[in-house]
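Okay, so here's the structure we're looking at.
One is the number of the first residue; the rest follow in order along the sequence.
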Amino acid sequence: MADRPLSAELIADANAREMAALDEDYAALGRKLERSGIAIDAIKDRVADFSVAVPSWGAGRGGTRFAKFPIPGEPTNIHEKLEDCAVINQLCRVTPRVSPHFPWDKVSDYAALREEAGSLGLSFDAVNSNTFQDQPGQAHSYATGSLSSTLAETRAQAVEHNIECIEIGQKLGSRDLTVWVGDGTNFPGQQDFTRSLDRYLEAASEVYAALPDDWRMLLEHKMFEPAFYSTVISDWGSSILAAQELGPKAKCLIDLGHHAPNVNIEQIVARLHRFGKLGGFHFNDSKYGDDDLDSGSINPHQLFLVFNELVEAELHPRDGFNPSYMIDQSHNVTDPIESMLSSAEAITGCFARALLVDREALHGAQADNDTMMAFQALRRAYTIDVAPILARVRIEAGGAIDVLATYRQSKWRERKAQERKAVGLGAGIV
């Protein structure tokens with residue numbers, strides 16, 4: 001039995017107060033769905049199989065480029081991060097994996113870290129490399145870039161770090177390496193666009209060659225920041241071309257925030273899947289740019305449309321369908337645990353609504369060029385309140401009906417504020 005950080009009695013007592021209302025709401029929704037030929041328990045079972053990873057760094061307060069405002073009880077190391085991630089999963093029951101970031105999460109004994117995570121009911125997801133920051137004692141600066149740097153010794157250092165991440169990941173039970181580089185330019189003429197991409201591909205191929213047979217290399221693109229004039233892997237087109245050149249184990253990772261405003265991200269999902277290169281998805285939300293806001297907080301309809309394409313892809317797997325899902329947010333003004341609980345519900349809710357789409361009606365309307373009825377097939381599913389399904393899934397897995405209320409009742413943050421060392425003031429995202 002895993003060492004659950006919260007009391008089972010606390011969750012059971014909180015659920016007991018909500019159970020009668022949940023039973024009533026679930027039954028009412030079941031009758032409504034039955035009129036459309038949908039068995040609510042079948043949808044519940046599909047939702048129960050869904051999961052999304054949480055990032056280790058997401059357990060702490062983030063920040064803007066200007067400031068970071070820590071809160072009492074914030075985790076200060078990977079061990080405390082795992083504790084907080086275990087709280088999230090214990091309550092919502094859809095986040096059983098943690099995605100670590102190195103060197104931030106380095107330890108001396110990774111076998112022990114894997115055992116520690118297992119004792120908390122967690123396992124590890126994709127490992128993430130960091131070649132966008134200089135670390136203490138680092139031999140070569142990434143000021144000139146990393147995998148695309150003009151300096152051969154800097155590129156070699158970036159390659160070595162990514163291979164180290166693979167080796168760590170093998171000890172943790174991971175099978176994916178996520179590679180994002182901040183490489184690019186801030187001035188016209190600063191670098192040659194073609195030569196910088198060639199350097200990236202040459203260095204990335206060395207990392208690719210070190211992948212175990214059952215691993216994937218997930219290439220994450222980003223339109224801007226920290227490079228504001230050009231970015232080496234700036235969009236899904238650059239990403240898929242790089243993945244195609246590297247080989248079949250290289251896939252593309254989509255981050256919801258890494259696009260220009262109003263880009264049709266759901267179409268990108270469909271395109272990448274069509275060519276067998278959809279490898280992963282990072283969930284967050286955006287108002288202006290790469291804001292890393294809580295998933296579903298700004299544009300929940302877009303999140304639903306993304307899941308509509310993901311469900312279509314799962315139904316038509318082509319060369320396979322096994323995307324890595326992860327929440328990737330910066331919690332600048334909230335308790336990170338509360339934000340990830342809220343986001344997990346928003347993400348799972350959109351998945352559930354996508355399962356409720358009448359695919360026969362949708363495809364029929366599309367074939368008949370009946371624009372309004374095709375749109376209405378999506379709109380009908382989007383307007384359904386799936387909260388009773390999500391709550392039923394949680395309670396059957398030992399989670400909480402009302403995750404936020406139960407979390408606040410636990411006083412977890414207040415207790416950790418008494419136990420953990422305070423986090424100092426700082427600038428930047430971590």
Check your understanding: Which pair of heavy atoms, one from Asn89 and one from Pro96, lies closest together, and at what distance?
Key -> OD1-N, 3.3 Å
Point to revise | Stepwise side chain to side chain contact (heavy atoms under 4.5 Å, CB included) test for Glu18 and Ile395 | key: CA-CA 11 Å; Glu18 304 285 343; Ile395 196 169; over 6 Å; no
Exercise for review: Quick one: closest heavy-atom pair of Met217 and Ala204, and the distance?
Suggested key: CE-O, 3.8 Å
**Study point:** Shortest non-hydrogen contact from Gly296 toward Asp285
**Key:** N-OD2, 3.3 Å
Review point. Is it true that a side-chain atom of Thr383 and a backbone atom of Arg380 form a donor plus acceptor pair closer than 3.5 Å?
Key: yes
**Study point:** With sequence neighbours excluded, residues passing ring pair (Phe, Tyr, Trp, His ring centres under 6.0 Å) with Phe50
**Key:** Phe307, Tyr325, Phe351
Point to revise | Exercise: identify the closest heavy-atom pair between Met340 and Ala59 | key: CE-N, 3.7 Å
Check your understanding: Is Pro100 close to Lys81 at the side-chain level, that is, under 4.5 Å between some pair of heavy atoms?
Key -> no
Revision key, fill the gap. Applied to residues 386-402, the side chain to side chain donor-acceptor pair (under 3.5 Å) test, sequence neighbours excluded, yields Asp23-Arg392, Lys44-Glu396
Revision key, fill the gap. With sequence neighbours left out, the residues meeting ring pair (Phe, Tyr, Trp, His ring centres under 6.0 Å) with His221 are His259
Review point. Is the backbone of Asp385 close enough, under 3.5 Å, to the side chain of Arg353 for a donor and an acceptor to pair up by distance?
Key: no
Point to revise | Arg199 side chain vs Ser149 backbone, donor-acceptor pair below 3.5 Å | key: yes
Check your understanding: At their closest point, which heavy atom of Asp335 faces which heavy atom of Ile71, and how far apart are they?
Key -> CA-CD1, 4.2 Å
Check your understanding: Residues two or more places apart in sequence or in another chain: which of them pass side chain to side chain donor-acceptor pair (under 3.5 Å) with Asp358?
Key -> none
Check your understanding: When you check the side-chain N and O atoms of Asp328 and Asn284, is any donor under 3.5 Å from an acceptor?
Key -> no
Point to revise | Trp215 and Lys249: CA distance, side-chain angles, deciding distance, side chain to side chain contact (heavy atoms under 4.5 Å, CB included) verdict | key: CA-CA 7 Å; Trp215 272 58; Lys249 290 185 289 188; 5.6 Å; no
Exercise for review: For Lys251, check side chain to side chain donor-acceptor pair (under 3.5 Å) against everything at least two apart and list the hits.
Suggested key: none
Review point. Taking it one step at a time, do Lys222 and Trp180 satisfy side chain to side chain contact (heavy atoms under 4.5 Å, CB included)?
Key: CA-CA 8 Å; Lys222 188 173 184 179; Trp180 173 76; 3.3 Å; yes
Check your understanding: How would you list, by chain and number, every residue that makes a side chain to side chain donor-acceptor pair (under 3.5 Å) with Ser295, sequence neighbours excluded?
Key -> Gln329
Check your understanding: Which distance, rounded to the nearest 0.5 Å, do you find between the CG of Leu29 and the CD of Glu34?
Key -> 11.5 Å
Review point. Partners of Ser286 by side chain to side chain contact (heavy atoms under 4.5 Å, CB included), sequence neighbours excluded?
Key: Asp291
Check your understanding: Can Asp105 and Ser56 be counted as having a side-chain donor-acceptor contact under 3.5 angstrom?
Key -> yes
Review point. Above 12 or not: heavy atoms from other molecules or residues under 6.0 Å from CD of Glu245?
Key: no
Check your understanding: Can you name the ring pair (Phe, Tyr, Trp, His ring centres under 6.0 Å) partners of Tyr26, sequence neighbours left out?
Key -> none
Check your understanding: Just by distance, do the side chain of Ser239 and the backbone of Asp235 share a donor-acceptor pair under 3.5 Å?
Key -> no
Practice item. Any pair with a residue in residues 386-405 that passes ring pair (Phe, Tyr, Trp, His ring centres under 6.0 Å), sequence neighbours left out, goes on the list, sorted by first then second residue, please. Key: none
Study note, to complete from the structure: Looking only at heavy atoms, the pair that brings Glu345 and Leu390 closest together is O-CD1, 3.6 Å
**Study point:** Under 3.5 Å donor-acceptor, His273 side chain and Glu314 backbone
**Key:** no
Check your understanding: Looking only at atom types and distance, does a side-chain atom of Ser146 sit under 3.5 Å from a main-chain N or O of Tyr142, one as donor and one as acceptor?
Key -> no
Give every donor-acceptor pair under 3.5 Å between a side-chain atom in residues 163-172 and any protein atom, sequence neighbours left out.
residue, atom, partner, partner atom, Å
Glu164, OE2, Lys106, NZ, 2.9

Practice item. State, yes or no, whether a side-chain contact exists between Leu293 and Tyr288 at a heavy-atom distance under 4.5 Å. Key: no
Practice item. Would you check if the side chain of Asp25 reaches a backbone N or O of Pro388 as a donor-acceptor pair within less than 3.5 Å? Key: no
Practice item. Answer whether the closest heavy-atom distance between the side chains of Leu315 and Phe321 falls below 4.5 Å. Key: no
Check your understanding: Backbone N or O of Val232 within a donor-acceptor pair of the Asp183 side chain at under 3.5 Å?
Key -> no
Exercise for review: Could you check if a side-chain atom of Gln90 sits within less than 4.5 angstrom of a side-chain atom of Ile11, using non-hydrogen atoms only?
Suggested key: yes
Check your understanding: Which pairs pass ring pair (Phe, Tyr, Trp, His ring centres under 6.0 Å) with one or both residues in residues 363-409, sequence neighbours excluded?
Key -> His301-Tyr382, Phe304-Tyr382
Review point. Rounded to the nearest 0.5 Å, how far does CD of Gln191 lie from CG of Asn186?
Key: 10.5 Å
Review point. Quick check: are there more than 12 heavy atoms from other residues, nucleotides or ligands sitting under 6.0 Å from CD of Gln190?
Key: yes
Exercise for review: Using the side chain to side chain contact (heavy atoms under 4.5 Å, CB included) rule, take Phe102 and Val127 through it: C-alpha gap first, then chi angles, then the decisive distance, then the call.
Suggested key: CA-CA 8 Å; Phe102 301 104; Val127 292; 3.9 Å; yes
Review point. Do Ile265 and Phe281 have side-chain heavy atoms sitting under 4.5 Å apart?
Key: yes
Revision key, fill the gap. CH2 of Trp104 to CG of Asn130, rounded to nearest 0.5 Å, is 5.5 Å
Practice item. For residues Pro55 and His101, determine if any side-chain heavy atom of one lies less than 4.5 Å from a side-chain heavy atom of the other. Key: no
Point to revise | Reported CD1-to-CZ distance for the pair Ile337 and Arg408, which is rounded to 0.5 angstrom | key: 12.0 Å
Review point. To the nearest 0.5 Å, how far apart are CG in Leu147 and OG in Ser129?
Key: 7.5 Å
Point to revise | Single hit among Leu6, Asp13, Leu91 for side chain to side chain contact (heavy atoms under 4.5 Å, CB included) with Thr406 | key: Leu91
Point to revise | Polar side-chain atom of Arg61 near backbone of Asn332 as donor-acceptor pair, under 3.5 Å | key: yes
**Study point:** Whether Thr231 side chain and Met223 backbone form a donor-acceptor pair below 3.5 Å
**Key:** yes
Exercise for review: Taking the side chain as every heavy atom from C-beta outward, state whether Ser324 and Arg216 have any pair of such atoms under 4.5 Å apart.
Suggested key: yes
Exercise for review: Compare all side-chain heavy atoms of Leu303 with those of Leu256 and state whether any distance is below 4.5 angstrom.
Suggested key: yes
**Study point:** Whether over 12 other heavy atoms sit under 6.0 Å from Asp214 CG
**Key:** yes
Check your understanding: Does any donor atom in the side chain of Ser99 or Asn128 lie under 3.5 Å from an acceptor atom in the other side chain?
Key -> yes
Practice item. For Arg359, enumerate each residue passing the side chain to side chain donor-acceptor pair (under 3.5 Å) test, keeping only those at least two apart in sequence or located in another chain. Key: Asn308, Glu312
Exercise for review: Please round to the nearest 0.5 Å and tell me the distance separating atom CD1 of Ile254 and atom CG of Leu272.
Suggested key: 4.5 Å
